[in-house]
Amino acid sequence: MAGHSKWANIKRQKAVVDAKKGKTFTQWSRAIIVAARSGVPDPTGNFQLRTAIEKAKAAGLPNENIERAIAKGAGTLSGGASSLEAIRYEGYGPGGVAILVEALTDNRNRTAADLRVAFSKNGGNLGETGCVSWMFAQKGVCTVEGVDDEEQLLEASLEGGAESYEMTEEQTAEVFTEVVDLENLSQTLKEKGFKVTDAELRWIPSNSVEVSDPDQARSLLKLIDTLEGLDDVQNVTANFDMSEQLMAVMA
């Protein structure tokens, strides 16, 4: 399991450093639209939609925005939901760090151009499809807080179809499973009395690149900030590892 949560830990450290608020309302609305379009437009019967709504509410997206996004995804409200498509872009950052960018866009030419500029201006380059994705595997991940008994967590996780788990902080664990088993795992953990604070799909790198040079670290974090700031971008994943001390220097 070593390394499975490295990027998640980097993201948490990075959030402390730059105090980012997270996704914009536009990004959350698009995630809800696509989730509603890909299944029934009812969160009780659509796990992806239910999860997107929970995260959007936690980010402060107003209920009226959420309802409008669901309606667009269901096709009962105009707004171009049918033109949105999910695309994964791949590239390299400073030091050869592999970067995956997941986007939702209604204009792939615009998105590709924006990404190419972001990469080139920050010491990286946008690559061809498949250039780095082979270094990552997509998994379902449940974050569980308030873990008092690891044996109970292990039993519940195995019952829910988990492959493994990792304690990331005191009383906090991340439980990993195949993508198709994420909903079952989340439900099983909740039924067993565990507090599941997040259930998401995550790209897990098979290897990591150690970043220790301050200038390289600064360029890399600026690149990721720039990518995350683009409206079409939903998620950015990279395979670098960086010490908390260096993160602090970047503040």
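Side chains included, hydrogens not; waters and symmetry mates left out as well; all remaining heavy atoms used.
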Seminar exercise, completed: Scanning both residues in full, the closest heavy-atom pair of E228 with V236 reads CG-CG2, 3.7 Å
Exercise. Does the side chain of F119 reach to within under 4.5 Å of the side chain of L227, using non-hydrogen atoms?
Worked result: yes
Seminar exercise, completed: The reported gap from CZ in F176 to CG in D181 (rounded to nearest 0.5 angstrom) is 15.0 Å
Problem set entry | Polar side-chain atom of N46 near backbone of P41 as donor-acceptor pair, under 3.5 Å | no
For this session: For the pair R202 (side chain) and V141 (backbone), establish whether a donor and an acceptor sit closer than 3.5 Å, ignoring hydrogens and angles.
Result: no
Exercise. Ignoring hydrogens and geometry, is there a side-chain-to-backbone donor-acceptor pair from Y89 to R116 under 3.5 Å?
Worked result: no
Seminar exercise, completed: The single option from K139, M135, E102 that satisfies side-chain contact (heavy atoms from CB on, under 4.5 Å) with W203 is E102
Exercise. For the side chain of T177 and the backbone of G161, is there at least one donor-acceptor N/O pair under 3.5 Å apart?
Worked result: yes
Seminar exercise, completed: CZ (R30) and CD1 (I33) are apart, to the nearest 0.5 Å, by 8.0 Å
Problem set entry | Exercise: identify the closest heavy-atom pair between A162 and L185 | CB-CD1, 4.0 Å
Exercise. Looking at T44 and R50, what are the two nearest heavy atoms and their distance?
Worked result: O-NH1, 3.5 Å
Exercise. Do I53 and W28 share a hydrophobic cluster, counting only Ile, Leu, Val, Met, Phe, Trp and Tyr and linking them when any side-chain heavy atoms are less than 4.5 Å apart?
Worked result: yes
For this session: Determine the minimum heavy-atom distance between C142 and A199, stating which atoms define it.
Result: SG-CB, 4.2 Å
Exercise. Could you state the interatomic distance from CD1 (I70) to CG (N65), rounded to the nearest 0.5 Å?
Worked result: 11.0 Å
Exercise. Are any non-hydrogen side-chain atoms of Q152 and K192 less than 4.5 angstrom apart?
Worked result: no
Exercise. Any side-chain heavy-atom pair from K121 and T226 closer than 4.5 angstrom?
Worked result: no
Seminar exercise, completed: Interatomic distance, CZ@F136 vs CG@N207, rounded to 0.5 Å, equals 8.0 Å
For this session: Taking all non-hydrogen atoms of both residues into account, name the closest pair between A156 and F194 and its distance.
Result: CB-CE1, 3.7 Å
Exercise. Are I99 and V132 close enough that some pair of their side-chain heavy atoms sits under 4.5 Å apart?
Worked result: no
Problem set entry | Between CD on residue E159 and OG1 on residue T188, distance to nearest 0.5 Å | 6.0 Å
For this session: Spell out, as yes or no, whether a donor-acceptor pair under 3.5 Å connects the side chain of E90 to the backbone of G130.
Result: yes
Exercise. Do Q187 and N184 come close enough that some side-chain heavy atom pair is under 4.5 Å?
Worked result: no
For this session: Indicate yes or no for a side-chain donor-acceptor contact from T51 to the backbone of F47 under 3.5 Å, with no hydrogens or angles considered.
Result: yes
Problem set entry | Same cluster (ILVMFWY, side-chain, under 4.5 Å), V209 and L223 | yes
Exercise. Is the backbone of A98 close enough, under 3.5 Å, to the side chain of N239 for a donor and an acceptor to pair up by distance?
Worked result: yes
Exercise. So, D241 versus S208: side-chain donor-acceptor pair below 3.5 Å or not?
Worked result: no
Problem set entry | Flag side-chain contact, heavy atom, 4.5 Å: N122 against S219 | no
Exercise. With no hydrogens and no angle check, is any side-chain donor or acceptor of Q27 less than 3.5 Å from a backbone partner on L230?
Worked result: yes
Exercise. Has the side chain of R37 got a donor or acceptor atom that lies under 3.5 Å from a matching backbone atom of G73?
Worked result: no
For this session: Take atom NZ of K55 as the centre, draw a 6.0 Å sphere, and report whether it contains more than 12 heavy atoms from other residues, nucleotides or ligands.
Result: yes
Exercise. Passes side-chain contact (heavy atoms from CB on, under 4.5 Å), N63 versus K57? Steps please.
Worked result: CA-CA 8 Å; N63 286 332; K57 286 184 174 180; 3.6 Å; yes
Problem set entry | Joint cluster assignment, V196 & L158, ILVMFWY side-chain distance < 4.5 Å | yes
Exercise. L189 versus V144: any side-chain heavy-atom pair under 4.5 Å?
Worked result: yes
Exercise. So, are D215 and R218 salt-bridged, with charged N and O less than 4.0 Å apart?
Worked result: yes
Exercise. Less than 4.5 Å apart, any side-chain heavy atom of D198 and any of E54?
Worked result: no
For this session: Check whether any side-chain N or O of T172 sits under 3.5 Å from a backbone N or O of T168 as a donor-acceptor pair, and report yes or no.
Result: no
For this session: Take V101 and L115, measure what side-chain contact (heavy atoms from CB on, under 4.5 Å) needs, and give me the verdict at the end.
Result: CA-CA 9 Å; V101 180; L115 288 172; 4.0 Å; yes
Exercise. At their closest point, which heavy atom of G45 faces which heavy atom of V40, and how far apart are they?
Worked result: O-CG2, 3.5 Å
Problem set entry | CD1-CZ distance between I32 and R68, expressed to the nearest 0.5 angstrom | 11.0 Å
